[in-house]
Amino acid sequence: MTVLLIDDDHEVLDASRQTLELEGFAVEATTSPADALDRLGPSWSGVVVTDVRMPVLDGFALLERVRAADPEVPVVLVTGHGDIAMAMRAVRGGAYDFIEKPAEPSHLVEVVRRALEHRRLVLENRSLRAQLAGGGSLEARIIGRSAAIERLRTAVAGLADAEVDVLLFGETGTGKELVARSLHDAGRRRAGNFVALNCGALPDTIIESELFGHEPGAFTGAQGRRIGKLEHADGGTLFLDEIESMPMHLQVKLLRVLQERVIERVGGNRPIPLDLRVVAATKVDLLRQAGEGKFREDLYYRLNVVTVPLPPLRERREDVPLLLRHFLDAAAARARRPPPPVDAAALARLAAHGWPGNVRELRNVAERMALGFGDGLAGGPVTGAGGGGIEPLAEQMDRIEKQLVEDALARCGGRVGETADKLGITRKTLYLKMRHHGLHRGDFTEE
């Protein structure tokens with residue numbers, strides 16, 4: 001991020017440049033407004049700090065030119081006492097802020113720091129939106145930049161055209177139906193129907209009819225023939241969510257369908273061949289359920305040709321900003337209002353939250369934010385997996401530090417020495433933090 005300083009007074013220009021450089025800012029200084037304009041563009045990552053009274057092109061004319069190039073570049077006006085009223089009008093017209101001459105160093109630094117943070121958020125939001133503008137691509141549907149989501153997209157892309165049934169395993173709210181739809185839409189069955197059935201949402205008395213359909217007179221009230229979900233999915237994909245909730249007697253029939261790809265409607269005896277793919281989803285350990293007699297073991301092994309795990313949101317916190325931007329834009333569009341800005345403090349609170357409801361919870365948070373309810377977390381800035389109160393600051397910071405250390409180690413390929421250098425700490429300090437956070441030395445290399 002760069003601070004572009006413009007002033008025709010060389011002494012003032014040098015003094016401001018030195019003040020900002022001592023605070024660690026990257027500064028480009030010039031006495032020529034025209035030269036400054038040549039450096040700007042829509043992707044320019046910086047802010048403009050300019051004097052108002054300059055020959056040829058004054059600060060107000062420069063502001064208009066900058067806003068024409070990119071209306072979201074922050075422009076800070078440096079004004080004499082008599083120019084304050086004009087500067088106030090300029091702020092209402094789009095300037096970011098103004099500073100009165102002679103600029104007090106700490107005030108100059110604070111205004112520039114806020115302006116740079118504003119610009120950083122603008123550019124980050126543009127980048128996020130660009131990533132989300134992928135149309136029907138997997139990147140635009142299975143959203144995230146974490147290693148876990150990259151692995152998930154790779155798995156979906158590899159399985160899309162494979163003629164195998166798939167078992168999705170993940171907590172509630174991790175997006176199992178979205179992944180099932182992505183498998184369908186990215187594969188050769190995309191022209192067929194995608195049929196979803198939640199096995200836990202239907203009473204035992206009707207789920208068999210829902211799955212297999214029925215013939216007229218098969219039971220009381222069955223006045224006509226009805227096509228079931230399995231038959232409707234012929235040529236396409238059947239998604240069975242919460243497969244662990246399927247009654248045991250239907251598990252036997254489903255096993256036969258998976259093995260023979262043939263069904264009979266309830267009340268009928270004519271075999272109906274099917275060409276479909278079955279994607280099942282569960283949030284529990286089906287093998288354990290089978291061991292406890294709650295799920296058929298043979299059905300588990302038939303479904304478990306390929307199991308795709310879906311990561312919980314707390315294990316991919318770096319994806320929160322991208323997902324939030326996606327959900328905010330969608331929620332704001334539905335509410336017919338502009339998406340609200342999200343500052344760094346709000347993002348930090350959201351990143352520290354435990355997300356027990358996973359992506360579904362984040363989507364609800366975005367809905368509340370789009371309607372103007374602060375950071376969208378129920379009851380205020382809640383953190384932690386329990387989601388009922390505010391955790392002590394030390395616990396919040398501890399969790400954030402662990403995430404930062406884990407991310408740094410991952411980016412450095414598990415090399416402790418390189419990670420310590422990148423983090424600006426000694427190797428001993430890093431080892432102490434790793435031990436504190438339960439990160440075992442044996443999992444990483446020394447260099």
Side-chain angles (χ1 to χ4, degrees), residues 136 138 140-143 152-153 155-157 159-214 226-247 250-251 253-258 261 263 265-266 272 274-284 286 289 295 299-300 302-312 326-327 330 357-364:
L138 282 177
R141 301 186 67 171
I142 303 176
I143 297 169
L152 178 58
R153 281 197 294 261
V156 170
L159 290 169
D161 280 330
E163 288 297 310
V164 295
D165 297 328
V166 176
L167 179 64
L168 305 178
F169 176 72
E171 297 176 10
T172 297
T174 50
K176 295 187 284 294
E177 182 168 350
L178 172 68
V179 173
R181 285 185 178 274
S182 298
L183 279 167
H184 172 79
D185 292 342
R188 61 172 61 96
R189 295 182 176 274
R190 67 179 70 91
N193 293 325
F194 176 86
V195 181
L197 178 68
N198 189 316
C199 300
L202 293 174
D204 291 357
T205 54
I206 67 170
I207 189 172
E208 183 172 4
S209 175
E210 283 292 315
L211 269 174
F212 295 91
H214 61 252
R226 187 178 190 279
I227 301 299
K229 300 290 187 183
L230 284 160
E231 197 171 345
H232 187 52
D234 188 29
T237 302
L238 176 69
F239 174 57
L240 296 174
D241 199 6
E242 297 188 29
I243 187 71
E244 71 275 7
S245 302
M246 179 174 285
L250 281 183
Q251 292 181 28
K253 295 188 174 183
L254 178 61
L255 178 61
R256 178 173 178 253
V257 171
L258 294 176
R261 291 312 201 250
I263 65 165
R265 300 191 191 104
V266 177
I272 302 170
L274 296 179
D275 173 24
L276 82 168
R277 174 192 233 179
V278 175
V279 178
T282 182
K283 60 180 180 293
V284 302
L286 290 182
Q289 295 280 97
F295 196 83
L299 178 58
Y300 165 74
R302 187 60 184 82
L303 287 170
N304 192 32
V305 178
V306 178
T307 296
V308 177
L310 276 66
H326 170 70
F327 291 136
N358 292 296
V359 177
R360 183 179 298 147
E361 181 186 2
L362 177 57
R363 183 177 59 203
N364 293 339

Heavy-atom side-chain proximity of Arg256 to Ile263 below 4.5 angstrom:
no
Would you please test Val266 and Arg226 for side chain to side chain contact (heavy atoms under 4.5 Å, CB included) and show each step?
CA-CA 9 Å; Val266 177; Arg226 187 178 190 279; over 6 Å; no
I'd like to know if Arg360 pairs up with Glu171 as an ion pair, taking the criterion as any Lys NZ or Arg NE/NH1/NH2 lying under 4.0 Å from an Asp or Glu carboxylate oxygen.
no
Residue among Leu240, Leu238, Leu211 satisfying side chain to side chain contact (heavy atoms under 4.5 Å, CB included) with Leu254:
Leu240
Shortest non-hydrogen contact between Asp185 and Arg141, atoms and distance:
OD2-NH1, 2.6 Å
State which residues pass side chain to side chain contact (heavy atoms under 4.5 Å, CB included) with Arg261; sequence neighbours excluded, sorted by chain then number.
Asp165, Leu258, Leu276, Arg302
Just verifying a value: how many Å separate Leu255 CG and Leu250 CG, rounded to the nearest 0.5 Å?
12.5 Å
Spacing of CD belonging to Glu244 relative to OG1 belonging to Thr282, to within rounding of 0.5 Å:
3.5 Å
Counting distance only, does the side-chain N/O of Arg181 pair as donor-acceptor with the main-chain N or O of Glu177 below 3.5 Å?
no
So, taking the atom named CG in Asn358 and the one named CZ in Arg363, what distance separates them when rounded to the nearest 0.5 Å?
11.5 Å
Can you list the steps and then say if Leu362 with Asn364 is a side chain to side chain contact (heavy atoms under 4.5 Å, CB included)?
CA-CA 5 Å; Leu362 177 57; Asn364 293 339; over 6 Å; no
Applying ring-ring contact (aromatic ring centres under 6.0 Å, His included), which residue pairs with at least one partner in residues 178-203 are found, sequence neighbours left out?
His184-Phe194
Show the nearest heavy-atom pair for residues Phe295 and Ile243, with the distance to one decimal.
CE1-O, 3.5 Å
Ile207 and Cys199: which non-hydrogen atoms are nearest, and at how many Å?
CD1-O, 3.9 Å
Which heavy-atom pair separates Phe212 from Lys253 by the least distance, and what is that distance?
CZ-CB, 3.6 Å
Report the distance from atom CG of Leu299 to atom CG of Asn304, rounding to the nearest 0.5 Å.
10.5 Å
Here the gap from Leu230 atom CG to Glu210 atom CD, rounded to the nearest 0.5 Å, amounts to 11.0 Å
Using the side chain to side chain contact (heavy atoms under 4.5 Å, CB included) criterion, which residues pair with Ala281? Sequence neighbours excluded.
Leu168, Lys176, Phe239, Asp241
Pair Leu286, Phe169 - check side chain to side chain contact (heavy atoms under 4.5 Å, CB included), show working.
CA-CA 9 Å; Leu286 290 182; Phe169 176 72; over 6 Å; no
Heavy atoms only: give me the nearest Arg277-Ala160 pair and the separation to one decimal.
NH1-O, 3.4 Å
Please report the closest heavy-atom contact between Arg265 and Glu231, naming both atoms and the distance.
NH2-OE2, 2.8 Å
Could you measure the distance from the OG atom of Ser182 to the CZ atom of Arg190? Nearest 0.5 Å is fine.
12.0 Å
Would Thr237 and Leu183 count as a side chain to side chain contact (heavy atoms under 4.5 Å, CB included) if you check the C-alpha gap in whole Å, the side-chain angles of each, and the deciding distance to 0.1 Å?
CA-CA 9 Å; Thr237 302; Leu183 279 167; over 6 Å; no
